[in-house]
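First the structure, in the form of structure tokens, and then the observations on it.
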Amino acid sequence: MADIKAPELTGEIITPKVTPGASKGIMPFKAKPELMEKVNFPAEKPSNWKELFLKKMEEILKKYRSVRVFLDECVRCGACTDKCHYFLSTGDPRNMPVHRQELMRSVYRKYFTTGGKLLGNLAGARELSDELLEEWLTYFYQCSECRRCSVFCPYGIDTAEITMAAREILDATGIGSKYNLEIINKAETIGNNLGMPGPALRNTLDFVEEEIEEKTGVPVKLPLDVEGADILLVTPSADFFAEPHVLSLEGYAKVFHQAGVNWTISSHASEGGNFGMFIGNYDHMKTINKRIWDAARDLKVKRVIAGECGHAWRVLYSFSNTLNGPFDFLDSQYRQPSHICEYTLDLIKKGAIKLDKAANDEFSVTFHDSCNVARASRMGETPGDQMTIPREIINACCNKFVDMADDTIGERTFCCGGGGGVLTDEMIDIRVKGAMPRMQALKRVKDSHDVNFFALICAICKAQFTKIFPIYGIEMEEVGGVHQLISNSIQLGAKEGV
Amino acid sequence: MNGLSTVINLLAYVTALVFVVGFLNKVILYFKTPNPLLIPTTPAPTTTMGVVARMIPEVLFFRSLLKGGTAEKVLWVGGWIFHVTFLLIVLRHLRFFTYPVPGIIMAFQGLGILAGLLFPIALLILIVRRFTNDRMAVITLFQDYFVLILIIAIGLTGLLLKYYVRTNLVDVKAFILGLLTFSPAQLPDSPIFLIHFGLVLVLLAYFPFSKLMHAWGILVSPTRAQADNPREARHVAPWAQ
């Protein structure tokens with residue numbers, strides 16, 4: 001790992017020459033048989049794996065219009081070929097979205113279309129083989145499901161849908177990613193991705209309370225499992241212990257404290273993240289999501305608010321209502337989850353919290369739109385508010401804010417390089433490379449505006465950037481959360497009523 | 001009616017059937033395949049009317065393609081001119097399918113002929129970019145060239161018929177109207193016409209089984225066709241309850 005070298009930071013994102021096999025060999029560790037069985041997949045690849053593979057693929061083609069239509073309608077126009085961060089940084093043609101999809105499309109032709117059955121190779125059809133499986137495991141795990149390609153596709157073909165389907169097929173064939181399945185197992189059995197049991201969580205929250213009181217002198221509470229609280233906060237478990245995540249947790253707590261509301265965290269649903277989505281498995285996604293709604297029901301809360309996490313927000317905002325709704329038991333005003341940024345900005349606008357911008361004067365801030373927030377969900381009333389709301393918050397609590405280049409933010413934002421279930425050590429090489437386009441855009445605002453605070457609203461982004469910033473020669477302390485900036489600047493006690 | 005005419009007439013009916021049934025089959029297949037989750041690429045409209053408003057510029061002006069860089073702009077020019085000229089050419093051809101010919105179709109002829117001339121140029125752009133760019137070269141398959149060459153051949157034989165080896169239009173019209181009225185008529189005595197017509201049949205028969213189904217797919221692609229409204233309504237698909 002020590003020999004991982006970052007691409008040079010020039011500020012430019014240049015489309016590379018095609019280099020076949022450039023990122024071959026980078027793939028996730030396979031899950032052991034015991035783990036596979038725990039999460040209801042075949043323990044290992046059986047001799048009749050082709051049957052299992054095709055059976056699952058047929059099932060997906062019947063269940064998902066997205067997969068069926070996307071496999072049929074691609075005209076190979078090439079608009080996506082230079083849009084993926086993994087292609088831009090490796091030049092491996094299999095990291096061009098269309099060519100990644102081709103790994104599945106060629107199988108689709110061979111076994112599910114007349115032309116492919118009749119004409120074989122000539123029609124671009126490909127037979128199942130161990131070699132193909134290896135390519136699937138490699139390149140469907142070098143996709144972070146960020147959906148950037150789908151923005152530029154004239155038909156909206158979303159490689160994330162194909163990647164999720166491919167991972168689901170691999171799992172059904174007995175080939176799973178250790179990292180993703182371990183996390184799913186922990187979330188389903190213990191309640192969070194870290195496998196932190198309730199008592200440990202309480203200890204951690206006590207520690208955070210002490211930290212806040214030490215720094216501010218104000219006894220801000222972080223309640224756990226409080227029945228009858230108004231708000232259930234569901235946040236990625238990394239917020240409970242990782243740096244800089246925990247500083248945003250302090251921010252949420254201070255916001256709730258100033259708002260004067262009763263809120264709580266749940267030990268049963270102490271995780272906002274949902275890795276079921278990453279592997280395209282509907283049942284796991286539903287099971288993990290269900291814990292949140294069970295907790296909300298049991299604790300009799302009025303509303304659910306999500307902490308800073310990109311894919312968690314996608315599942316909560318876009319999928320929850322389908323997976324486990326309707327949520328009639330919640331307050332009629334808040335039947336659907338809110339994002340902490342929506343909540344905080346609303347309080348700022350009402351004047352319910354006071355912010356001292358000067359507290360963040362040491363920072364020149366830029367904001368990284370997380371892919372799942374920017375391209376797979378919404379905040380606020382109007383489409384696109386998911387871009388403006390976090391920026392409004394930053395501008396309310398900081399004097400110096402600058403955006404990165406237009407083609408690298410908003411709906412065109414670049415993935416951090418670690419999303420979609422690749423945030424694991426064995427993938428570090430592709431993670432470092434994949435961050436390249438984002439890092440180049442950052443380099444430009446560092447040069448022009450001395451940016452030294454990289455504001456995020458995603459736990460995976462935070463973990464990824466703290467890991468790779470030093471490899472790019474940037475201090476990891478420059479990575480932070482939006483609510484970390486709020487935490488720095490919020491005036492505790494200066495309340496003028498809500 | 002000679003033997004060849006009988007064969008071509010029959011082939012035309014079979015092709016029409018294959019096209020219509022094949023196309024409808026895909027339409028029904030897509031319709032029957034559920035969308036278990038809401039997956040619009042956001043920011044997305046929150047209402048059905050909004051989705052329609054999003055879709056119109058996608059279909060008419062390939063809006064998403066315009067978000068790309070220089071390569072996509074070149075593709076846009078080639079692709080857009082190709083689609084529009086194809087449409088104009090088809091409309092112009094209606095004069096062979098109607099009797100009497102409505103005035104509006106006659107008014108169209110000049111534009112249609114201009115389109116016929118631009119058509120091969122647009123296709124040339126589309127084909128050249130496939131082998132002059134290293135990324136395009138990697139992703140391009142046999143069928144991508146096949147369909148481009150097929151359409152170019154249709155265009156060129158059409159131009160030949162118009163400018164060099166003119167066919168007796170009365171015969172052409174009699175043949176086409178014969179097909180349409182189910183009273184098959186003699187094939188015009190013109191090898192180029194036969195090739196032109198035959199290639200069109202190949203295109204129609206190939207259509208439903210190929211990437212050309214993007215013509216319908218674009219309308220049902222969930223990332224563009226869904227409203228972003230999980231807060232307003234509960235989205236439920238049959239299997240995903």
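Here the structure is a predicted model, which is why all the values come from computation and not from measurement. Lettering of chains follows the sequences in order, A, B, ..., and the numbering in each one begins at 1. Below, each value reflects all heavy atoms present in this structure, side chains not excepted, and no hydrogens, waters or symmetry copies.
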[X], part contacting chain B, at a heavy-atom distance under 4.5 Å:
X: A/Lys83; result: side chain
X: A/Asp385; result: neither
X: A/Pro93; result: side chain
X: A/Val98; result: side chain
X: A/Ala160; result: neither
X: A/Tyr317; result: both
X: A/Pro20; result: neither
X: A/Lys62; result: backbone
X: A/Met285; result: side chain
X: A/Arg335; result: neither

Distance-only, no hydrogens or angles: does the [X] side chain make a donor-acceptor pair with backbone N or O of [Y] under 3.5 Å?
X: B/Thr42; Y: A/Ser377; answer: yes
X: A/Arg65; Y: B/Asn35; answer: no
X: B/Arg224; Y: A/Ile157; answer: no

So with a 6.0 Å cut-off around [atom1] of [X], is the heavy-atom count from everything else above 12?
X: B/Lys73; atom1: NZ; result: yes
X: A/Asp406; atom1: CG; result: no
X: A/Arg412; atom1: CZ; result: yes
X: B/Asn25; atom1: CG; result: yes
X: B/Lys67; atom1: NZ; result: yes

What part of [X] is in contact with chain A, defined as an atom under 4.5 angstrom from a non-hydrogen atom: side chain, backbone, both or neither?
X: B/Gln226; answer: neither
X: B/Pro238; answer: neither
X: B/Ile218; answer: both
X: B/Phe62; answer: neither
X: B/Ala44; answer: backbone
X: B/Ala233; answer: backbone

Inset, instruction - Quick one: do A/Leu61 and B/Thr33 satisfy side-chain contact (heavy atoms from CB on, under 4.5 Å)? Show the steps, please. - result: CA-CA 8 Å; A/Leu61 285 168; B/Thr33 312; over 6 Å; no

Between [options], who has the most heavy-atom pairs with chain B when the cutoff is under 4.5 Å?
options: A/Ser320, A/Cys80, A/Ala123, A/Pro337; value: A/Ala123
options: A/Met387, A/Arg378, A/Lys286, A/Glu411; value: A/Arg378
options: A/Pro326, A/Gly124, A/Gly91; value: A/Pro326

Legend entry - Residue pair A/Ser150 / B/Thr223, side-chain donor-acceptor N/O under 3.5 Å: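 No, B/Thr223 and A/Ser150 have no side-chain donor paired with an acceptor closer than 3.5 Å.
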
Please report the closest heavy-atom contact between [X] and [Y], naming both atoms and the distance.
X: A/Pro383; Y: B/Pro45; value: CG-CA, 4.3 Å
X: A/Asn321; Y: B/Arg234; value: O-NE, 2.5 Å
X: A/Gln336; Y: B/Arg231; value: CG-CA, 3.6 Å
X: B/Leu38; Y: A/Phe319; value: O-CE2, 3.2 Å
X: B/Pro43; Y: A/Gly384; value: CB-N, 3.5 Å
X: B/Ile39; Y: A/Arg147; value: O-NH2, 2.6 Å

Legend entry - Value rounded to 0.5 Å, distance of CE in A/Met164 from CG in B/Leu37: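 Between atom CE of A/Met164 and atom CG of B/Leu37 there are 9.0 Å.
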
Legend entry - Top contributor to chain A contacts, counting heavy-atom pairs under 4.5 Å, from B/Val236, B/Leu219, B/Asp228, B/Leu65: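 Greatest number of close heavy-atom pairs with chain A: B/Asp228.
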
Inset, instruction - Output the option from B/Pro40, B/Pro34, B/Ala237, B/Gly79 having the highest count of non-hydrogen pairs under 4.5 Å with chain A. - result: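 Among the listed options, the one with the most contacts to chain A is B/Pro34.
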
Legend entry - Within residues 128-149 of chain B, residues adjacent to chain A where the heavy-atom gap is under 4.5 Å: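 Within residues 128-149 of chain B, the residues that come under 4.5 Å of chain A (heavy atoms only) are B/Arg129, B/Arg130, B/Asp134, B/Arg135, B/Met136, B/Val138, B/Ile139, B/Leu141, B/Phe142, B/Gln143, B/Asp144.
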
Inset, instruction - Anything in residues 66-77 of chain A with a heavy-atom distance to chain B below 4.5 Å? Please list those residues in order. - result: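 Those residues of residues 66-77 of chain A which have a heavy atom under 4.5 Å from chain B are A/Ser66, A/Arg68, A/Val69, A/Phe70, A/Asp72, A/Glu73, A/Cys74, A/Val75, A/Arg76, A/Cys77.
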
